[in-house]
Every structure is written in C-alpha cells, then in structure tokens.
2 protein chains.
Amino acid sequence: MKKVGLKDIAEHVGVSIALVSYVLNGQAELKQVSKENAEKIKRAAEELNYRPNQIAKSLKMLKTNTIGLVVADINYRFSTGITRAVEAEAKKANYTVLFGSSNESEDTFEELVNALINRQVDGLILVPVENSQPQIKMLQKSGVPFVLLDRNFPEIQANHVTLNNHKAAYDATTYLIKQGHKRIAFFNYQTTFYHLQQRNQGYLDALKDNNIKFQEHWLQEVKSSDRAGDIKRGIGTILTHAKPCDAAFFATDTLAITGLKYLNKHNIKVPGQLSVLSFDESEAFELFYCPVTHLQQPLAEMGRAAVDTVVGLIDHNKINRQVSLESKLVKGKSCRE
Amino acid sequence: MKKVGLKDIAEHVGVSIALVSYVLNGQAELKQVSKENAEKIKRAAEELNYRPNQIAKSLKMLKTNTIGLVVADINYRFSTGITRAVEAEAKKANYTVLFGSSNESEDTFEELVNALINRQVDGLILVPVENSQPQIKMLQKSGVPFVLLDRNFPEIQANHVTLNNHKAAYDATTYLIKQGHKRIAFFNYQTTFYHLQQRNQGYLDALKDNNIKFQEHWLQEVKSSDRAGDIKRGIGTILTHAKPCDAAFFATDTLAITGLKYLNKHNIKVPGQLSVLSFDESEAFELFYCPVTHLQQPLAEMGRAAVDTVVGLIDHNKINRQVSLESKLVKGKSCRE
DNA sequence: ACGCTTGCTTTAATCGTTTAAAGTGATAAT
DNA sequence: ATTATCACTTTAAACGATTAAAGCAAGCGT
C-alpha cells in the first residue's frame, strides 16, 4: 500500500500541492483558499487517509518537535516515574519524547546522546552517568539545548533540575533524631556523584547541628559491585558495635531493599531493634511487613520542570535555569515513635 | 553554533558534496576517490565535528531505521524488561527504538501508533490494549510492518510473539496438584484479553485432566477498577468456605502483590495456611518473607523474537510469523512441599 | 590527429514538505 | 481602453542527504 502524500491529494482534487499544504495546515483563510477547494482537499485527505510525513516536515522546518530523554536505568522506579512525567508534559507542549536508557554505562550514554542528536532532537533531558562530564562539556559547546535531571556536576555550569539532596537528607536525619535516635547509621554508595555526596553532607550536618558526635563507622560506603556483601558487613558492624546503632538511613531505595532483605533474613526487627528510613520508595516495600518511612521525590514536578526548561531553551534560548526541588518525608512504621 | 553539513565539509576541502558523501559512506574505493581527497575529507569531517543529519538521510532513503515500540504501561516490570530486550536486539540489527507507553488507554494507544507512523518508523512492535482490534485491522490495511507482542487477538490473523499462556497456567496448576493441593483458587482479571483467558483455560484444563472437580467460587474474577476490594472478598470467600482452598494461583504479578498484601495484613501464613503461586515476578516479592513461586516469562527471548520478526517483515516482507514461547516455573518457598 | 579508455569529479534529480513570490483571470476604477 | 485591485492559484526554491549519469583531463593506441 503506497504512502499517500500531498502530491496524491493534489492530483486527486486537481489543484497544486501548495494549496493542499495550506489547507491542511489551517492556513485556508489566511491564504484565502476558496471554500470549495478547501472542502474538497479536506475530504480527499480524509478519504485517502493522508498522514503527513514528519520526516519531510522536520527537514524543511529544521525542527522535529522532539525531545530526547536519557535515563540512567529503565529498571529504576525513578526512571519510569520521570519518563511518565516527561512524556505527559512534553505532549502538552506538543513535543514527542525520544527515549533511551544508558544503564549507567558511560559508552551507552554517549552513544545515545549522539544518536538523539543525529536524529535532530530539538533538545535533551539527561540523567547523566558517572564521569560523563567531558560529554556534557562537549554538548555545551555544540549548542544543543539540554537540561540535566536528577544529577548535576557542580564544576559545570549547566541548566539542571535536581532535588535539594542536602536538605532532604538533613531533614530526614533531623527527624530520626527528634524521634529519639542516638546513633544513626547512613548507608550510601561509594560514588563521585555530587547528588549522593550531598546526601552524606546533609546527614553529617544534621548530626552536627544536633550536637551528636559522628562516629566513623556510622557512615557505610557501599560499592555497587558488591552491594549485598558490603551491606551485610555494614549492618553487622553497626549492630555488633559496643554502642550499636538504633537507626539506619539508606541513601537510595536499592540500598534499602538490600538492607531490608538482610534484616528479614536475620530476623532483626524493624523498628524494634533498628529503625529504617529510605531515600526513595521501591515497589518492594509494599510487601515488607511494615510500611517503610521514606523520602519521596516529586517526580511529576521534576519532569515538568525539565520539560519547561528545555522547551524554554528551544523557544527563547532562555539560559541558566537551575531548579531545586523539595522532597517529602512519607512516614511509615519503620521508625521508632 | 551552526550545524555542520556535507556542504560545509565540501567547501572546506574544496570538492563537491557528492565526493564527501561517498567518502563518509565508505564508498571511497568503490567510487575511486583519490586517496588524497578521501584523506582530506575525513580529516575535515573530524575537525568540523560533522554529524550526519538522519532526518535528511531518512527522507532520501525512505527508511528511518527506526522501530516503534508501544508497551502497555511503563510501570510494569514486564514492560521495562521487554523494552530493554527490544532495545538491545534492535541495536544489533542497527535500528533505533522509538518508544511509547499507552497506559492501557485505547486513545493513547491510537495516538502513539499514529505518531510513530507519522515519524516514518519502518516497523512497529505493539503490546495492544483491550479493544484495539479496529486499530490493528487498520494497521494491517495500511501495510505497515508490525508484530503484536504478549497479547494477540485470535480473530485477527496478525504476526505475533506471545507466551504459551495455556500451557504455562496448565503446568503451574499441575505442579500445585502434584504438591498435594486439593482445592486451588485462581485469581484473574475480568477481561476480554485472550492471553488472560488462556490462563483461565489452562487452569481449568489442568484441574479436569487431574480429575479435580472445579468449584465455581475457585475462579475469582477481579475488576481492575476495584482490585483490592475484589481480592479481599475473593480471599475471604475461598478461605471461609466449608472446604477452604489450600492454594491460590494469581494470573498476574499485580494481582499477586495485592493478594499477598492482604495475607500479610491478616496474618495468613504462606504457605502454611495457603500456598501462593504467581504469574510473573514483581520486585515487591523481594521483601516478602518467603520467596514466591512464580512463572517467569522469557523477556529477552520475546524481545528478540519480536525484533527479528519485524525486521524480517521490513527487509524481506516475510509474512505470517506466530511465535509462541514457554515460561519457566521458578520454585520459591510459597507453596507447600 | 582522432577516438577510447582510465581515473577521478561534478552535476543535478530526488525524497515530501513549506512558503515567499509570481501568475492569472475577473471585475472595478479612471 | 487601460490600469488597478481583488481573489485565488501555481511556481519554484529550499531543507540535507544519496546516487545515477554526465563531464573532464590525461594517456594510449592506431
């Protein structure tokens, strides 16, 4: 079944291609097309089931009305939430989202970004992977409108939409202290990511501001290559210490899941023996025996802000927009009252 | 920063556009381009950081090397698994995946399919939503290569890649029977989806073949609009009956999660009081107190088969490929031994 | 001296749109 | 009778790539 183009409609009706284009683009009155022809053209388009070729249109217009989105890992709940929000918001602004998952790989990230640029996306929303600074700097030079989402690099002055990670961790830690916890452990990945380091800092600052003397072993840095092992040993350390911790704050949901699994296995009661607080929620929490207290990120807002920013860049070349959003502490029953 | 095109390279080197195109497409020897020019052109492309405009290329070639993928809901674990598999496989075949999520909405599904076609995807991989038969028939008429994934409509003769749902449910039910269960409940959505009905049938056939007389109330049909309520009542029914059920088989992971949550809340022991078996696995199972026995779908294979099929259709117009795959029963500890 | 290769390069059409500019009758004004 | 205006419609040049086909020297054979 051959594709129907403007030409086919034009021939069918017996007018020129231009006229057809005008009518189908709603410029009928502007270009003073006779009602008669306008009508015929619309009918023919309908009959022949005309579908505009966006590729041709994009080429001519030098605009694709497409935004590229690269998430870190499609398996993260964070990613699916963001994807949904971005798609919804982009649709409102009449953009389509071209989507890719870097799987936290530097190479895949670079490939994806290039593939998207080659496809002439009008702008990019990127959740950058570790060590992608050079790639980001290249992007800035190239002039493609883009915004970093969730993660940013303080040494690079780029537009970004992120959570106020410091405040989130600070507030959560403060909450634990107010609940009477004296020795709070913090589990985080061993990482160069600024947003994760900010969580460390928020935790530490909260301790300091509450006059709690931080103990080295409270901060457990987990290698992603041996998450289960490191967490197992970490929990062992904080619980078997002379003065065992009474709360564990996990810097990500994946860390929390692994931690809770271990606690489950060894029958360590939450919050009886150990209070648990997680950054982000996981579907897995649903079947834990008690609701897990966690920090909730405003995914919809993040998606909205990212789309707004990148569309602003595309349309008006607005520059320099750094958005910082607040998370919300969702109280479950995993922390001592 | 202006975009660099073939023209820019041509001017920079002082040759024609054609020559540049030949060289950058690896046709240097074929077209007998002088080594000198070839060298200069490559260097210039590098220096100017040339990125081919895929839009222009696609328009000229009438081929985008893009496959459209529409999943039912990006939040399903099934969808993310499929997406990953499809992306990986498509990449091997040198295709890019354009992706969308219908959120089980008929309208969104139609919009997405149209948007993808307008963007001239070479083929489509679709997880169709309920009642999308008309849309699928339209597609067949339009001649766009496509393959249905996971779900199909027996009344429509279309290419599809699905699980052998009947066999999967049949085998799982048989397993429960072999483990000594006498009264097995089956929870499924109230649906017109053929693949889900096949699960019912597999369950029923297994009972019959094992001479177990099916009781009406064992088959619990859950409305997706009130999943929690229906499941709550359903479990109530099967457990408070004069002859209570000793096993519950859930036709999807979402049903299983809701069921397990209820069992958790009411402290009904698995598998002590009730054995549980789920179709598909959920991340949520990770934190249930025992590993959940479940049917595992071969997502990677499904993705591979779908891409193979659609690429076959695109390249050789191979027609009529119906692939049926087998699931695997992963034994946990949620069924009585 | 004339055509014929050979080796390399350019010309120009094309893909399906958009859109400024020019074209075309008919009617009205001078 | 000439020109201007109006109400439409068509022409044709882009957009950035691909690729037949044609062009052009230089060298060779006769």
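Convention: sequence-line order gives letters A, B, ...; per-chain numbering from 1.
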Original post:
Does any N or O in the side chain of A:Glu130 come within less than 3.5 Å of the main-chain N or O of A:Thr192, such that one atom is a donor and the other an acceptor?
Top reply: yes
**OP:** Please identify each residue that fulfils ring-ring contact (aromatic ring centres under 6.0 Å, His included) with A:His12, with sequence neighbours left out.
**Re:** none
**OP:** Kindly say whether B:Glu106 contributes a backbone atom to a donor-acceptor pair with the side chain of B:Gln135 at under 3.5 angstrom?
**Re:** no
Original post:
A:Asn118 CG to D:dA17 P: how many Å, rounded?
Top reply: 10 Å
Original post:
Using a cut-off of 4.0 Å between protein heavy atoms and nucleotide atoms, how would you tag nucleotides 22-27 of chain D 5' to 3' with B, S and -?
Top reply: ------
Below 3.5 Å between N/O atoms, which protein atoms pair up with nucleotides 12-19 of chain C? Just atom names and distances, please.
{"from": "C:dT14", "atom 1": "O2", "to": "B:Lys60", "atom 2": "NZ", "distance (Å)": "2.7"}
{"from": "C:dC15", "atom 1": "O2", "to": "B:Lys60", "atom 2": "N", "distance (Å)": "3.3"}
{"from": "C:dG16", "atom 1": "N2", "to": "A:Ala56", "atom 2": "O", "distance (Å)": "3.3"}
{"from": "C:dT17", "atom 1": "OP1", "to": "A:Tyr50", "atom 2": "OH", "distance (Å)": "3.1"}
{"from": "C:dT17", "atom 1": "OP1", "to": "A:Asn53", "atom 2": "N", "distance (Å)": "3.3"}
{"from": "C:dT17", "atom 1": "OP2", "to": "A:Leu6", "atom 2": "N", "distance (Å)": "2.9"}
{"from": "C:dT17", "atom 1": "O5'", "to": "A:Tyr50", "atom 2": "OH", "distance (Å)": "3.3"}
{"from": "C:dT18", "atom 1": "OP1", "to": "A:Asn25", "atom 2": "OD1", "distance (Å)": "3.4"}
{"from": "C:dT18", "atom 1": "OP1", "to": "A:Asn25", "atom 2": "ND2", "distance (Å)": "3.3"}
{"from": "C:dT18", "atom 1": "OP2", "to": "A:Ser21", "atom 2": "OG", "distance (Å)": "2.6"}
{"from": "C:dT18", "atom 1": "OP2", "to": "A:Asn25", "atom 2": "ND2", "distance (Å)": "3.0"}
{"from": "C:dT18", "atom 1": "O2", "to": "A:Lys60", "atom 2": "NZ", "distance (Å)": "3.4"}

**OP:** Sequence neighbours left out, what passes side-chain hydrogen bond (donor to acceptor under 3.5 Å, both in side chains) with B:Ser79? Give chain and number order.
**Re:** none
Subject >> Inter- and intrachain pairs under side-chain hydrogen bond (donor to acceptor under 3.5 Å, both in side chains), touching residues 311-322 of chain A, at least two apart >> reply: A:Thr309-A:Arg321
**OP:** Answer yes or no: does a side-chain N or O of A:Ser16 lie under 4.0 Å from OP1 or OP2 of D:dT11?
**Re:** no
Pair up each side-chain donor or acceptor in residues 13-24 of chain A with any protein partner under 3.5 Å, not counting sequence neighbours, and list the distances.
{"from": "A:Ser21", "atom 1": "OG", "to": "A:Asn25", "atom 2": "ND2", "distance (Å)": "3.3"}

Original post:
Between the side chain of B:His160 and the main-chain N/O of B:Ala158, is any donor-acceptor distance below 3.5 Å?
Top reply: yes
Distance-only donor-acceptor hits, side chain of residues 28-43 of chain A, under 3.5 Å, sequence neighbours excluded:
{"from": "A:Ser34", "atom 1": "OG", "to": "A:Asn37", "atom 2": "N", "distance (Å)": "3.3"}
{"from": "A:Ser34", "atom 1": "OG", "to": "A:Asn37", "atom 2": "ND2", "distance (Å)": "3.4"}

Original post:
Got a sec, which pairs hit side-chain hydrogen bond (donor to acceptor under 3.5 Å, both in side chains) with one end in residues 112-124 of chain A, sequence neighbours left out?
Top reply: A:Thr64-A:Asp122, A:Asn114-B:Arg51, A:Arg119-B:Thr66, A:Arg119-B:Thr96
Which atom pairs link the protein and nucleotides 4-7 of chain D when you take only N or O atoms and keep those under 3.5 Å?
none

Subject >> End axis versus end axis in the helix from C:dA1-D:dT30 to C:dT30-D:dA1, the angle rounded to 10°, five pairs used at each terminus >> reply: 90°
Original post:
Any side-chain heavy-atom pair from A:Ile67 and A:Val311 closer than 4.5 angstrom?
Top reply: yes
Subject >> Sequence neighbours excluded, every pair satisfying side-chain hydrogen bond (donor to acceptor under 3.5 Å, both in side chains) that has a member inside residues 67-77 of chain A >> reply: A:Asp73-B:Arg84, A:Asn75-B:Thr80, A:Tyr76-A:Glu104
Subject >> Sequence-distant partners of B:Lys7, salt bridge (charged side-chain N to carboxylate O under 4.0 Å, His left out), two or more places apart >> reply: none
**OP:** Whole angstrom is fine here: how far is it from CD in A:Gln120 over to P in D:dC15?
**Re:** 14 Å
Subject >> Atom-to-atom span, NZ of B:Lys63 to P of D:dT18 - whole angstrom >> reply: 14 Å
Subject >> Heavy-atom check, side chain of A:Gln297 versus side chain of A:Asp150, under 4.5 Å >> reply: yes
